[in-house]
Amino acid sequence: MGNYSNQNQVKAKKHLGQHFLNDESVAQDIADTLTLKGYQQVLEIGPGMGVLTKYLLKKDMTTHVIEIDTESVDYLKANYLNLAPRIIEKDFLKYDLNQVFKGEPFAIIGNFPYNISTQIVFKTLELRDQIPEFSGMFQKEVAERICSKEGSKVYGILSVLTQAFYDAEYLFTVPPNVFNPPPKVDSGVLRLIRKENYHIPCDEALFFKVVKTAFQQRRKTIRNSLKTLNLSDNLREDSIFDKRPEQLTVNEFINLTQLIEKDQ
Ligand code: SAH
């Protein structure tokens, strides 16, 4: 009797964003992006058949995985016996991670499902008190956007909100041909390391609102795009309102939020 469970490969499902990495050295390089500083546990999102997981398991920390696809979960259970108790068969976006981590810090890593990549970043930002580090692979354009600085064409909501709390570093590019099936675009690996002081000195909810509203019309001055916030004429005369959102640094967005806070 052959151990057939080891042979069956998971069939890639498009609606789950499945592009399996088939290059061991890239998997190793992604696992090695973790600095292992400030946490003893890591959560891999979307392990699939475990190409990245096996390099995480060699590290001096506890690896948990969250995977929505039953077929992948069955594969992992059959092939990584020690991992079985730490496989969470759930949707990362919906699952309450504190059922597992109970307030403890953990890092996030993955070759992420590209169809939900922005939502993965937003959920990480919500849980930033517990997530000192985040690294992994996105569609290249998304990875670049997260890491870009003011003045860049791709600088936007994701860049500002992420970099308010994390130092973002674009690490390396991965071509389509190392995946099965190959995606249509290049991929990019990045790392976010939480800032030492990641509590911003303004109303955080208002900060999110200001950034999102400003970038809704990225070609206009923020005087124009922030009209909906009903600011006083006096405040709107401040020269910062002459700028377009893509010209503002993260700190300038924080200063702007402080001004608006005082105005209300
Ligand atoms: N890490 C593997 C698979 C990458 S493909 C590799 O590199 O080969 C993306 C993986 O994310 C798939 O296994 C897919 O099933 C999983 N996935 C997709 N949406 C998910 C979600 N909402 N929550 C958890 N996992 C998800």
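Values below: all heavy atoms of this structure, side chains included; hydrogens, waters and symmetry mates excluded. Every number for a ligand or one of its atoms is a count from 1 in the order of the listing.
- Side chains of Tyr55 and Glu24: a donor on one and an acceptor on the other come within 3.5 Å.
- Near ligand 1, residues Leu16, Gly17, Gln18, His19, Phe20, Leu21, Glu44, Gly46, Pro47, Gly48, Val51, Ile66, Glu67, Ile68, Asp69, Lys90, Asp91, Phe92, Asn111, Pro113, Ile116 each place a heavy atom inside the 4.0 Å sphere around the ligand atoms.
- There is no side-chain donor-acceptor pair under 3.5 Å between Ser117 and Gln139.
- Side-chain atoms of Thr70 and Glu89 form a donor-acceptor pair, as typed in the model, at a separation below 3.5 Å.
- The stretch residues 119-128 participates, sequence neighbours left out, in these side-chain hydrogen bond (donor to acceptor under 3.5 Å, both in side chains) pairs: Arg128-Glu204.
- Between the side chains of Asn180 and Gln9, no donor-acceptor pair of N or O atoms lies under 3.5 Å.
- Side chains of Gln217 and Asn224: no donor on one and acceptor on the other come within 3.5 Å.
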